[in-house]
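Before any comments, here is the structure.
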Amino acid sequence: MSDSENKPSNFIRHIIDGDRRANKNNGQVVTRFPPEPNGYLHIGHAKSICLNFGLAQDYDGVCNLRFDDTNPEKEDVEYVDSIKNDVTWLGFQWQGEPKYASNYFPQLHDYALELIKAGKAYVCSLSPEEAREYRGSLTAPGKDSPYREQSVAENLDLFARMKAGEFDEGAKVLRAKIDMASPNINLRDPILYRIRKVAHHQTGNDWCIYPMYDYTHCISDAIEGITHSLCTLEFEDHRPLYDWVLDQLPELAHPQQIEFARLNLNYTITSKRKLKQLVDEKHVLGWDDPRMPTVSGLRRRGYTPLSIRNFCDRIGVTKVDGVVDMATLEFCIREDLEHRAPRAMCVINPLKVTIDTWDTETIEDLSAPRHPKDESMGRRTLKMTRVIYIDHSDFAEVPPPKYKRLTIGKEVRLRNSYVIKCNEVIKDEQGEIIELRCSHDVDTLGKKPEGRKVKGVIHWVSAEHSVPAQVRLYDRLFSEENPDAAAKDHNNEDSHFLDFLNPDSLTIMDQARVEFSLAETQAGDAFQFEREGYFTADPDSTAEQLVFNRTVSLRDSWAKTARK
RNA sequence: UGGGCCGUCGCCAAGCGGUAAGGCACCAGGUUUUGAUCCUGGCAUGCGCAGGUUCGAAUCCUGCCGGCCAAGCCA
């Protein structure tokens with residue numbers, strides 16, 4: 001399977017095609033993926049990664065990984081490391097060494113001096129509160145800061161003293177001199193530098209003034225020779241500022257910023273801030289909790305890099321602010337695992353079955369293919385014994401209409417084994433079914449039974465020759481399609497997205513049994529547990545007990561007909 | 001009383017003036033020792049609405065309507 005062929009086109013590719021026809025940038029394509037290291041990457045970042053790196057690949061260009069690290073208070077090397085790891089895992093390679101906006105702090109400072117000298121920037125001593133008032137509102141123009149017409153000499157002096165640490169945080173900022181009456185608030189003399197007396201994860205205590213995003217990003221792009229600077233829709237209003245800064249610095253290249261819609265997925269959230277909150281407040285077990293839409297969570301859940309890349313290709317790139325159905329993501333992982341996951345049997349909720357017609361001592365080795373359509377995966381051996389387990393849900397005393405599984409007096413096929421018939425149901429004092437007594441038809445191994453049709457096939461494991469496992473079943477993280485909208489609808493200030501966490505997002509099945517051939521399973525190994533779904537061994541697995549995460553269930557048309 | 005952007009099937013999405021691709025979901029059949037996979041077929045006289053231009057409009061024009069973004073010394 002290849003994911004690099006037949007990539008659907010999109011409006012950004014159209015723009016690039018046009019640029020290449022016009023020989024803009026000598027026809028080169030240089031992109032960048034610019035995360036801030038203040039959290040783990042999520043599926044929405046994967047969309048951006050696939051876009052930026054994919055474009056570079058397809059147009060014989062390059063893509064940089066650049067950490068947008070201008071806010072040391074929220075950033076950490078832990079995030080830097082996880083981001084590098086996740087990008088690599090997704091299958092992409094950045095050009096050269098990872099870049100950091102902080103690499104450019106000296107240049108950024110020099111350009112600031114240039115702007116001041118040109119009368120395009122000034123040091124403003126308004127307090128944050130005053131600055132907000134002076135900014136005006138969405139509908140009302142702002143008014144000029146009293147410091148706006150300070151002399152260049154004074155601005156230079158003040159800025160130098162800001163840099164030297166003479167002022168407290170918040171006391172002064174460097175501002176661009178643009179237009180306080182602009183209908184675009186981003187152009188109302190935006191802040192370029194602020195004072196932050198904190199250590200930076202890359203530059204330590206070298207600086208106590210840090211440049212703002214709008215000032216840093218465009219210059220970083222220009223320094224790196226980025227041709228197409230792709231970002232999400234909320235930065236549309238920032239583009240005039242991106243262009244303004246570069247227009248003041250004519251010695252620099254001028255990349256083109258293009259905005260696309262960020263990814264929204266239903267029943268989950270793609271907000272780094274909120275994901276961090278889930279982790280910090282321990283609503284989940286960590287950034288890599290398999291319920292999280294983070295790259296690390298998806299990886300632990302069992303999603304493959306290819307499935308995620310295919311997903312990103314399928315959903316497309318547009319400017320429409322939409323919501324993608326989780327079913328699309330699930331389809332993509334099933335599509336990949338269908339081909340690559342060996343089949344195995346796992347009884348998640350065991351019900352003891354004794355086959356009275358089977359000799360107590362007899363253990364029969366049965367050979368079964370690892371994949372029904374791919375012989376190259378080889379075969380495994382199943383151990384058939386007198387006492388086996390089947391799943392509780394595969395037996396019903398009073399079967400619903402169209403039920404094809406085991407019921408009293410009826411037959412069912414044991415997958416890769418014999419046809420058995422249920423003769424007796426044994427219950428405990430509470431009336432709970434605790435055991436089935438069955439008989440088997442010796443003439444049904446690898447062949448259809450004589451004179452009758454047995455439709456149902458169920459999976460099973462030998463009681464003795466199977467290994468204990470814990471199976472973690474996951475469901476959607478939130479019970480509402482859009483937790484934020486649900487919180488708003490509740491029209492209640494206290495209501496918020498956490499109120500819609502799905503209490504059943506994790507179900508631990510601790511008594512599961514997997515077939516003997518899985519005894520040597522390693523963390524990360526993926527299987528299709530037949531009739532159940534795709535599962536991946538979790539790093540929590542121990543010598544005593546394997547742990548499997550359900551990546552996704554199989555499509556289940558029975559669940560649909562049973563509901564009717 | 002403003003600015004920017006967006007509205008094509010339940011969801012995503014092609015389309016760029018010549019008469020509505022595709023995928024997901026869903027429905028109906030076929031194959032099947034996984035109610036899986038696979039295969040076949042169905043699924044927008046219609047493109048937010050209303051006018052207009054044109055031989056011809058989802059594509060151009062005008063006006064409405066609806067949604068999203070932005071008033072961090074966050075990115």
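Each chain gets a letter, A, B and so on, in the order its sequence line appears, and its residues count up from 1.
The ring-ring contact (aromatic ring centres under 6.0 Å, His included) test applied to F527(A) returns no partner, not counting sequence neighbours.
Nearer the 5' end of RNA chain B, as judged by each residue's closest nucleotide, is the contact made by K47(A), out of K47(A) and T70(A). Annotation: of the two residues near RNA chain B, L126(A) and A559(A), the 5′-most nearest-nucleotide partner is A559(A).
For the pair D189(A) and R148(A), the salt-bridge criterion is met [side-chain N within less than 4.0 Å of a carboxylate O]. For the pair D336(A) and R340(A), the salt-bridge criterion is met [side-chain N within less than 4.0 Å of a carboxylate O].
Residue contacts for K402(A): at a heavy-atom cut-off of 4.0 Å it reaches a base atom on one of the strands shown. Counting any heavy atom pair closer than 4.0 Å across all strands shown, K560(A) reaches sugar-phosphate atoms only and no base atom. Nucleic acid contact for R405(A): base, since at least one base atom lies under 4.0 Å from a heavy atom of the residue.
Of the candidate nucleotides G35(B), G23(B), C5(B), C5(B) has the atom nearest to the side chain of E236(A). Of the listed nucleotides (U37(B), A70(B), C16(B)), A70(B) has the atom at the smallest distance from the side chain of L138(A).
Dashed line: the shortest gap from a side-chain N or O of R132(A) to OP1 or OP2 of C73(B) is not under 4.0 Å.
Both thresholds, 5.5 Å between centres and 30° between ring planes, are not jointly met by Y213(A) relative to the base of A75(B), so the two rings are not stacked.
With its glycosidic angle within 90° of 0, G72(B) adopts the syn conformation.
Interface remark: the R334(A) side chain does not form any donor-acceptor pair with the U37(B) base, using a distance-only criterion of under 3.5 Å. Put simply, the side chain of E532(A) and the base of U34(B) share no donor and acceptor less than 3.5 Å apart.
Side-chain contact, E364(A) with Y418(A): a donor N or O sits under 3.5 Å from an acceptor N or O.
Between F235(A) and Y213(A), the two ring planes are tilted [angle within 30° to 60°].
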Dump the pairs, protein N or O against N or O of nucleotides 64-69 of chain B, anything under 3.5 Å, distances to one decimal.
{"unit_1": "C68(B)", "atom_1": "O2'", "unit_2": "D321(A)", "atom_2": "OD2", "d": "3.3"}

